[in-house]
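All values below come from the heavy atoms of this structure, side chains included, with hydrogens, waters and symmetry mates left out. By convention in this document, chain letters (A, B, ...) are assigned in the order of the sequence lines, proteins followed by strands, and residues within each chain are numbered from 1. Computed from a predicted model, the values in this text were never measured in an experiment.
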Protein chains: 2
Amino acid sequence: MREGKQEFAEWLASRKLRVTGERMAVLDEVMRANGHIDIDYLQEQFRKQKRPVSRATIYRTLSHLVQSGLVQKVLTGEGQARYEKMYGRQHHDHMICLGCGEIIEFTNDEIERLQDWVCHKKRFTIVTHTLQIKGFCEKCSAQKASVEGGATDHRRHGRN
Amino acid sequence: MREGKQEFAEWLASRKLRVTGERMAVLDEVMRANGHIDIDYLQEQFRKQKRPVSRATIYRTLSHLVQSGLVQKVLTGEGQARYEKMYGRQHHDHMICLGCGEIIEFTNDEIERLQDWVCHKKRFTIVTHTLQIKGFCEKCSAQKASVEGGATDHRRHGRN
DNA sequence: CTAATTGCAAAGGATTTGCAAAGTA
DNA sequence: TACTTTGCAAATCCTTTGCAATTAG
């Protein structure tokens, strides 16, 4: 039994939605992936498996998966959404490398606790939170340093 | 002298870009606003002021302002970018109300410190970070509670 | 005077939607 | 069978771009 299959089927049933081959195929593929995949990747997988699924259906199914809580949508900020499985995993935050695009996951209970505290003070009821740190991974930092030498552009404060 | 005018002019000059009426108008408008405005808002302001500026120019100028560090781009996650002035302001994070759309700003040095620490451990060089907490502001929480009574939907774990 | 900037409209890229054909319960 | 879902293509949405006319330095 593939991860989340049962859960997704139940979630669909609870909303009077049908369990179809396409939907389960999308679920399978997202669960099989290591995480942070995009629509192109999924479509490519289905094509390879000689089991093409239309873009529209992939979008529609991912939307259901996100609503069910089995999958999380991650917006990298450059216009492409990525998806990662959440089934059986704990919440975590992301570091996104501006050099190679790699996404590194991390967790820090203390940060979570402080968020709860800040929200409590403002009487804000938390539903979700997203913490993304952008910068350069170890590999890209080194590469960048060697290319630029000491001549760094100090004007650029890079907020985006 | 309007906030940031001098700084922006210098930044433009340093890149051999020209100081134009349109550019200064956009700067003025973003500085005048309380923050978190979008392109539509800006275009509307210019229209009202009988000083229309094309959408393309607004986009192009905001891009420069963001690069100069005078303005920050905030992606709310629903596909619309918002902008807020950073000139003379310290970095801060956001709570976004899912009920009324209000954006509440907050800062917490301890959270920042922990982020630095986590990145240091992973040898990740921070450029920027974004922490968005989504949920319901005090007003909307109260309203929601009274409408729903005790019947909350416990299936929805709402991560997006 | 020369290169940069503007506005317009067309182009792009990602996601959504209408609708007839195909499929699930 | 009755109601959903799928795939396709067209439609949206937001943002970017090419280009001729205009303007800053």
Side-chain angles (χ1 to χ4, degrees), chain A residues 5 8-30 36-47 49-68 71-83 101 160, chain B residues 5 8-30 36-47 49-68 71 73-83 160:
Chain A
K5 187 157 274 190
F8 191 35
E10 282 170 9
W11 184 86
L12 288 170
S14 79
R15 307 233 163 171
K16 295 208 173 60
L17 297 174
R18 293 176 179 172
V19 175
T20 66
E22 286 83 353
R23 285 176 177 165
M24 287 307 165
V26 173
L27 170 71
D28 268 16
E29 215 45 63
V30 178
H36 312 115
I37 58 182
D38 60 18
I39 280 84
D40 286 331
Y41 170 84
L42 287 173
Q43 192 158 38
E44 176 64 7
Q45 295 306 305
F46 296 132
R47 194 189 57 68
Q49 295 164 25
K50 309 273 194 245
R51 207 273 181 249
V53 177
S54 78
R55 217 132 228 280
T57 297
I58 297 176
Y59 275 116
R60 286 187 278 231
T61 304
L62 283 172
S63 169
H64 287 138
L65 284 166
V66 168
Q67 283 188 274
S68 76
V71 168
Q72 179 176 14
K73 184 178 187 173
V74 180
L75 297 164
T76 63
E78 274 74 52
Q80 347 86 318
R82 307 250 202 120
Y83 297 84
N160 50 310
Chain B
K5 187 157 272 189
F8 192 34
E10 282 171 9
W11 184 85
L12 288 170
S14 79
R15 307 231 164 171
K16 294 208 174 59
L17 297 174
R18 293 174 178 173
V19 176
T20 67
E22 288 82 355
R23 285 177 177 163
M24 286 308 164
V26 173
L27 170 71
D28 268 14
E29 215 45 64
V30 179
H36 311 116
I37 59 182
D38 59 18
I39 281 84
D40 286 331
Y41 170 85
L42 287 173
Q43 192 158 39
E44 176 64 7
Q45 295 306 306
F46 296 133
R47 195 189 57 67
Q49 296 164 26
K50 309 272 195 248
R51 205 276 181 244
V53 178
S54 78
R55 218 131 226 282
T57 297
I58 297 176
Y59 275 116
R60 286 186 279 231
T61 303
L62 283 171
S63 169
H64 287 138
L65 285 167
V66 168
Q67 283 187 275
S68 77
V71 168
K73 185 178 187 175
V74 181
L75 298 164
T76 63
E78 274 74 53
Q80 345 88 315
R82 308 251 201 117
Y83 297 83
N160 51 311

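Put simply, CG on A/L62 is 14 Å from C1' on C/dT16, counting in whole angstrom units. The CG-C1' distance, from A/L42 to C/dT15, rounds to 15 Å in whole Å. One atom, CD1 of A/I58, and another, P of C/dT15, lie 11 Å apart when rounded to the nearest Å. When the P atom of C/dA14 is taken as reference, atom CD of A/Q43 falls 12 Å away, rounded to whole Å. One atom, CG of A/L75, and another, P of C/dA14, lie 13 Å apart when rounded to the nearest Å.
An end-to-end axis angle of 40° holds for the helix from C/dC1-D/dG25 to C/dA25-D/dT1, taken from five base pairs per end and rounded to 10°.
Closest heavy-atom contact between B/H64 and B/L17: NE2-CD1, 3.8 Å. The minimum heavy-atom distance between B/A25 and B/R51, with the atom names listed, is CB-NE, 4.4 Å. In plain terms, the two heavy atoms of B/K73 and B/A81 that are nearest each other are CE-CB, 3.8 Å. When all heavy atoms of A/R82 and A/G101 are compared, the pair lying nearest together is NH2-O, 3.5 Å. Minimum interatomic distance between A/R18 and A/L12 (heavy atoms only, all atoms of both residues): O-CD1, 3.8 Å. Of all non-hydrogen atoms in A/S68 and A/F8, the two that sit nearest each other are OG-CD1, 4.4 Å.
Here the side chains of A/L27 and A/M24 are in contact, with some heavy-atom distance below 4.5 Å. Contact check for A/R23 versus A/L65: no side-chain heavy atoms found under the 4.5 Å cut-off. In this structure the side chain of B/L62 reaches within 4.5 angstrom of the side chain of B/L42, judged on heavy atoms. Side-chain contact check for B/I39 versus B/Y83: some heavy-atom pair is nearer than 4.5 Å.
Along DNA chain D, read 5' to 3', the first and last nucleotides having any atom under 4.0 Å from a heavy atom of chain B are D/dC14 to D/dG25.
Between B/K16 and B/P52, the residue whose closest nucleotide on DNA chain C is further toward the 5' end is B/K16.
Of the candidates A/Q45, A/Q43, A/E44, A/R47 forms a side chain to side chain donor-acceptor pair (under 3.5 Å) with just one, namely A/E44.
B/R60 comes within 4.0 angstrom of a base, heavy atoms only.
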When you compare the protein's N or O atoms with those of nucleotides 22-25 of chain C, which come within less than 3.5 Å of each other, and at what distance?
residue, atom, partner, partner atom, Å
C/dG23, N2, A/R18, NH1, 2.5
C/dT24, O2, A/R18, NH1, 2.6

